[in-house]
Amino acid sequence: MTASVRRRNASTARPAGKPPAPAWSLTEGRVAALAARACAGGAAAVVTHAPANGAKLADLPQSSAADIEAAFARARSAQRAWAARPLGERVAVFRRLHDLILRRQGEILDIIQSETGKARSHAFEEVADVAINSRYYARTAESVLEPKNRCGALPLLTTAREVRHPKGVVVVISPWNYPLALSVSDALPALVAGNAVVSRPDNQTALTTLWAHELAEQAGLPADVWQVVLGRGKNIGADLIERADFVDYTGSTATGRGIATQAAGRLIGCSLELGGKNPMLVLDDANVGKAAEGAVRACFSSAGQLCESMERIYVHDQVYDEFVTQFVANVDAMRLGAELAYNSDMGSLTFPRQLDSVSAHVDDAKAKGATVLTGGRHRPDLGPYFYEPTVLAGVTPEMKVHREETFGPVVSVYRVSDDEDAIAQANDTAYGLNASIWTRDARRGRSIAERLHAGAVNINEGYAAAWGSVDAPSGGVGDSGLGRRHGAEGILKYTDVQTIATQRLLPIAPLPGMSDEVWAKTMTVALWAMRRLGLK
Ligand code: NAD
């Protein structure tokens, strides 16, 4: 993912303009046509609104149990023909998707912004993410999925071949914060591998997924291979997992535990991308100016509603004052707004409950003695859920913000005495999703990175370097999740592996008339020989 932060001379966070007008590039008819793509209608519709200004966005049909049943039936029957197609044909769809999404980005940027309230540059990160993943899996799927010869039990006599099969129907349950990236980029490798997918996007951001669903069909994806159902997780989640062959879930740790429990009961696999309380380390040899700029991207992309976002910054004593002065100045200069244009640095929170939890964390910290270095205020003058980017100091362990994920534009800065102190404090969490280290010495950074309890560590970047390196696996340890997206692991998880071994000339058993004892001695000689020859 990429994001750009342009420093300005403004002294306080200020609006980039008036809140976005409800008029976007979608007509009512177009919204209705997108909503009609969902396998839904059997349950009462819900209405969604734009977080940035409260304007109505859509009447969304909801899926009943019968709708879900129908979605799975269609997906199962379409999956067989899809899996039977040559892999080259399947990946060609995603090459076309790559081109289409880059060409048609204007419309989807409007939809993402309207549904989430985020700034346009943060919405663009999602477009880039889908393009990157489409290109990556289109290029690599063949070599990862093709059958592979493996060493047989006995050289020359046994051959073994590893064959990958699609799981069948994969359920993708995605949240609202990165609705395009997290619904499409996770469905995409499952589809490439020959599965059908039933997606359940969050209602708040369903139009984004439905728009991508239409685009995928225009790219050549057969009609029923990708189904979209709609409904609140707690209403339809269990019904989905009940029918799935694999579940891919992104959201909070608490919900992820429940999904893992249900998947375990059915003995199906699941991949869980969960929360984080991510630390950033600014070492004594860091380029302080770059770290102070990078921290703005690392902490406030999508108003901090980013699982990879930094919520704790540990700064070496020697550079603490310089870093904090520059960081706070950069934050003060940020432009707040969610206009459908590239003219703001941070948008709105997405829900009232996000505003409540962000306010509660900051108020609790203030009441217990933390210092607000900048921000710390709700900004209803900009839109109902805008909250200023906030930097706290003097945060102590009894404050909620110290340990709990805020999932908003709030970061705490801490002074540390040395690398050991920074590492110990960074690792003092049950989460382990992402971390960031700023240093002029990349080797020192890498050696500290290996000691951090985190699935990804970015050196001299907040999250974009690791997230965008899709050839490498991405995911969390500890309470941050199970399984990986990206890389070979990101597609192999959607397959069942089968071993086909062929024995020829002699059996792996005594020859006719041979006693068990002679057979055991013969095999012992063979095993010694294989060891001496260095065979696997
Ligand atoms: P949440 O768990 O409440 O909801 C996430 C999604 O899961 C929602 O769309 C919700 O409808 C659905 N859901 C809820 N209960 C469900 C159930 N029983 N069955 C199926 N689906 C259900 O989390 P949230 O607060 O809305 O999202 C923010 C959280 O997601 C944060 O903790 C954040 O760190 C995490 N997140 C993680 C990643 C990652 O890649 N690791 C990415 C984005 C968000």
Side-chain angles (χ1 to χ4, degrees), residues 1 46 48 51 60 62-63 68 115-116 118 122 125-126 129 133 171-183 185-186 198-206 208-209 228-244 247-263 270-278 301-311 349-358 361 404-408 429-434 454-456 463 466-467 470 473-486 490:
M1 288 188 173
V46 301
T48 56
L60 280 182
Q62 299 289 282
S63 304
I68 291 170
E115 290 194 317
T116 61
K118 65 174 71 178
H122 303 148
E125 293 180 349
E126 303 205 48
D129 185 73
N133 278 284
V171 162
V172 176
I173 299 174
S174 49
W176 43 270
N177 60 328
Y178 274 74
L180 184 71
L182 297 177
S183 63
S185 297
D186 282 343
V198 175
S199 286
R200 201 295 326 216
D202 195 281
N203 274 329
Q204 178 60 34
T205 50
T208 295
T209 305
V228 179
V229 296
L230 298 178
R232 295 185 65 190
K234 65 178 186 189
N235 294 344
I236 68 169
D239 269 359
L240 295 174
I241 300 164
E242 198 48 46
R243 292 169 173 80
V247 183
D248 190 281
Y249 169 79
T250 304
S252 67
T253 300
T255 307
R257 279 189 213 284
I259 286 174
T261 305
Q262 202 192 337
C270 64
S271 177
L272 306 169
E273 305 289 344
L274 309 176
K277 186 77 186 171
N278 306 306
S301 290
S302 293
Q305 298 170 124
L306 164 64
C307 53
E308 310 266 330
S309 198
M310 296 297 143
E311 295 197 358
L349 294 168
T350 303
F351 291 114
R353 71 164 193 268
Q354 288 302 115
L355 177 63
D356 291 347
S357 61
V358 167
H361 273 201
E404 292 176 25
E405 183 185 36
T406 307
F407 211 57
T429 172
Y431 291 114
L433 191 59
N434 185 31
Y463 61 90
W467 182 267
V470 297
S474 163
V477 297
D479 282 1
S480 292
L482 277 181
R484 293 290 180 269
R485 52 166 66 101
H486 297 167

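Order of listing sets the numbers, starting from 1, for every ligand and every atom in it. These figures come from a predicted structure and were not determined experimentally.
- Considering only heavy atoms from C-beta on, V358 stays 4.5 Å or farther from F407 through its side chain.
- Side chains of L240 and I68 form a contact here, defined as non-hydrogen atoms less than 4.5 Å apart.
- Here the shortest heavy-atom distance to atom 6 (C) of ligand 1, taken over W176, Y249, F351, belongs to Y249.
- T350 and Q204 share no donor-acceptor pair across their side chains, judged by distance under 3.5 Å alone.
- For R353, the heavy-atom gap to ligand 1 drops under 4.0 angstrom.
- Annotation for P201 and V228: closest pair CD-CG1, 3.7 Å, computed over non-hydrogen atoms.
- Taking a 4.0 Å cut-off on heavy atoms, G256 fails to register as neighbouring ligand 1.
- Not one N or O of L182 is nearer than 3.5 Å to an N or O of ligand 1, by distance alone.
- Closest of all the heavy-atom pairs between S174 and L182 is CB-O, 3.7 Å.
- Between E126 and K118 a salt bridge is recorded (basic side-chain N to carboxylate O distance below 4.0 Å).
- For atom 35 (C) of ligand 1, the closest non-hydrogen atom of the protein is G251 O, 3.1 Å.
- For the salt bridge (charged side-chain N to carboxylate O under 4.0 Å, His left out) with K277, the qualifying choice from E404, E311, E308, E405 is E311, the only one to do so.
- The protein heavy-atom contact nearest to atom 34 (O) of ligand 1 is E405 OE2, 2.6 Å.
- When side chains are defined from C-beta on, L272 does not count as touching R257, because their heavy atoms never get closer than 4.5 Å.
- The residue from R200, R232, K277 that puts a heavy atom closest to atom 10 (C) of ligand 1 is R200.
- The nearest heavy-atom contact from the protein to atom 16 (C) of ligand 1 is T255 CG2, 3.3 Å.
- Protein heavy atom closest to atom 39 (C) of ligand 1, with residue, atom name and distance, is C307 SG, 3.1 Å.
- Those atoms of ligand 1 with a heavy atom of E273 less than 4.0 angstrom away are 37 (C), 38 (C), 39 (C), 40 (O), 41 (N).
- Looking only at protein heavy atoms, the nearest one to atom 1 (P) of ligand 1 is S252 OG, 3.5 Å.
- Using a 4.5 Å heavy-atom cutoff, the side chains of P179 and T116 are in contact.
- Here L306 has no heavy atoms under 4.0 Å from ligand 1, in either its backbone or its side chain.
- Under a 4.0 Å criterion applied to the non-hydrogen atoms of G237, ligand 1 contributes the atoms 19 (N), 20 (C).
- Heavy atoms of E308 stay at 4.0 angstrom or farther from ligand 1.
- At a heavy-atom distance under 4.0 Å, no atom of I241 approaches ligand 1.
- Ligand 1 places these atoms under 4.0 Å from at least one heavy atom of I173: 20 (C), 21 (N).
- Residue contact check: G233 has heavy atoms under 4.0 Å from atoms 11 (O), 13 (N), 16 (C), 17 (C), 18 (N), 19 (N), 20 (C), 21 (N), 22 (C) of ligand 1.
- Using a 4.5 Å heavy-atom cutoff, the side chains of L230 and N203 are in contact.
- Taking the side chain as every heavy atom from C-beta outward, R200 and V198 never approach each other to under 4.5 Å.
- A side-chain N or O of D129 and one of W467 form a donor-acceptor pair less than 3.5 Å apart.
- In this model, no donor atom of one side chain and acceptor atom of the other lie less than 3.5 Å apart for Y178 and T250.
- Inclusion of T250 in the set of residues having an N or O under 3.5 Å from an N or O of ligand 1 is not warranted.
- Of the protein's non-hydrogen atoms, the one nearest atom 28 (C) of ligand 1 is F407 CE2, 3.5 Å.
- Checked by distance only, ligand 1 and Q354 stay at 3.5 Å or farther apart across all their nitrogen or oxygen atoms.
- At least one N/O-N/O distance between L274 and ligand 1 falls below 3.5 Å.
- Protein heavy atom in closest approach to atom 8 (C) of ligand 1: D202 OD2, 3.3 Å.
- Of the heavy atoms in S174, only backbone atoms (N, CA, C, O) come closer than 4.0 Å to ligand 1.
- Every N/O-N/O distance between N177 and ligand 1 stays at or above 3.5 Å.
- Inter-residue side-chain proximity for W176 and E115 is flagged as unmet; no heavy-atom pair is nearer than 4.5 Å.
- Taking the side chain as every heavy atom from C-beta outward, E273 and C307 never approach each other to under 4.5 Å.
- Of the protein's non-hydrogen atoms, R485 NH1, 3.0 Å is the one closest to atom 40 (O) of ligand 1.
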